[in-house]
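Read through the structure below, which is laid out as structure tokens, and then see the notes.
The structure displayed is predicted, hence computed values, not measured ones. We count ligands from 1, going down the list as the structure has it; atoms in each ligand are counted the same way.
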Amino acid sequence: MFIDTHTQLNFSDFDTDREMVIGNAKKAGVKQFVVPGVDHNSCRTALHLASVHPGVIFAGVGYHPYEAPHNPDISYLESLLTDEQNKKLIVAIGECGLDYHEYKGEVAAGRKDVQHRLLEEQLKLALTHNLPVILHCRDAFEDLFTILHTVPNIPRGVLHCFSGGLQDLRSSQELGFYVGIDGNVTYSKQLAMIVPHIPLSMLVLETDAPYLTPVPHRGERNEPKYIPLIAQKLAELQQKPVQEIMEATTTNAKALFGI
Ligand SMILES: [Zn+2]
């Protein structure tokens with residue numbers, strides 16, 4: 001079986017056919033799903049989905065860096081984490097992180113210092129609640145690693161949708177982080193270069209559905225049922241049997257999220 005460790009089944013893109021999407025994924029061998037929150041509402045939806053699909057869907061609660069300019073309420077995440085009913089449903093803090101990507105000459109996620117504070121607060125939550133972090137990082141690896149070294153302890157976690165270079169991969173390895181690989185591995189030249197260097201013990205699979213649809217479905221909505229296409233491409237790039245990729249990534253995902 002496969003686990004999709006990062007899928008946004010909580011987004012409205014799936015409002016009309018969510019149950020069918022989950023069913024089709026299961027038919028394709030994708031049996032468990034981690035659904036991260038990015039803001040207040042998507043955290044609630046992730047928790048709702050986890051509660052109606054126990055043992056199948058697991059929730060992350062967190063604020064994406066895009067939320068930084070809106071000053072999101074950390075105490076809300078805390079209230080979710082301390083609610084007894086949610087304890088079995090929440091397996092991670094996230095997604096959170098840094099995004100310095102520029103759009104029309106401006107950092108879309110806003111001021112860096114505000115992003116830093118939001119990330120630090122969520123790293124502390126992860127430590128307090130002994131949960132892994134799902135980290136989003138775009139064009140900001142240097143600052144991300146600096147911040148990880150300033151918190152009292154480094155939580156365990158995953159660099160979701162890994163987009164770094166070889167040095168960033170080494171830094172992630174030193175911190176004991178996993179890296180999540182998505183459907184863009186089927187067409188990204190950068191990833192084709194990096195993936196052969198990723199130790200199998202660090203790899204987890206994710207779709208980031210509805211985004212990052214793999215070849216040959218680009219242009220369509222992405223779905224967790226495409227996880228085997230990502231595994232197939234990884235097997236090619238790592239020159240290993242796909243069975244080995246499946247077993248290792250599933251073992252890693254279970255260890256990371258405690259599922
Ligand atoms: Zn992300």
Side-chain angles (χ1 to χ4, degrees), residues 3-14 33-43 45-46 49 58-70 72 77 90-103 107-110 112 114-116 118-123 125-126 131-145 147-148 155-165 168-169 172 177-188 190-191 194 202-214 221-224 226-227 230 253 256-257:
I3 300 177
D4 187 347
T5 63
H6 196 112
T7 181
Q8 308 286 185
L9 290 170
N10 47 346
F11 284 10
S12 58
D13 306 71
F14 297 106
F33 312 84
V34 177
V35 177
V38 295
D39 59 13
H40 188 283
N41 283 339
S42 59
C43 285
T45 310
L49 291 174
F58 301 90
V61 294
Y63 294 131
H64 192 282
Y66 279 148
E67 283 302 294
H70 311 304
L77 296 184
I90 300 175
V91 296
I93 301 296
E95 63 180 286
C96 54
L98 302 177
D99 195 318
Y100 293 175
H101 192 69
E102 290 187 8
Y103 182 70
V107 176
K112 292 179 182 177
V114 179
Q115 291 194 44
H116 294 181
L118 185 61
L119 170 61
E120 282 160 6
E121 282 172 356
Q122 294 181 88
L123 291 173
L125 272 188
L131 286 168
V133 277
I134 298 171
L135 292 173
H136 168 104
C137 183
R138 203 171 175 201
D139 302 343
F141 280 95
E142 214 182 305
D143 283 4
L144 178 74
F145 292 125
I147 289 170
L148 282 168
R156 60 189 201 285
V158 56
L159 282 157
H160 117 81
C161 195
F162 187 71
S163 60
D168 304 318
L169 180 65
S172 314
F177 278 99
Y178 292 88
V179 297
I181 298 294
D182 303 68
N184 52 347
V185 73
T186 60
Y187 54 85
S188 154
Q190 156 79 3
L191 277 170
I194 293 294
M202 282 177 80
L203 265 179
V204 292
L205 303 176
E206 52 176 71
T207 56
D208 207 9
Y211 313 118
L212 297 176
T213 314
R221 178 185 68 175
N222 197 8
E223 292 186 27
Y226 294 142
I227 280 279
I230 302 169
L256 169 63
F257 295 111

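Contact record, G62 with Q122: CA-OE1, 3.2 Å, taken as the closest heavy-atom pair.
Between Y211 and F11, the ring planes are perpendicular. Angles over 60° get that label, and only those under 30° would be called parallel.
A donor-acceptor contact under 3.5 angstrom links the side chains of E95 and H6, judged on distance only.
Ring centroids of Y178 and F162 are separated by 6.0 Å or more, keeping the two rings apart.
Tally of protein N, O or S atoms closer to the Zn ion (ligand 1) than 2.8 Å: 3.
Partner L135 forms a side-chain contact (heavy atoms from CB on, under 4.5 Å) with one of V179, L98, I93, L148 and no other, that one being L148.
For the atom pair CZ (R221) and OH (Y226), the distance works out to 9.0 Å, reported to the nearest 0.5 Å.
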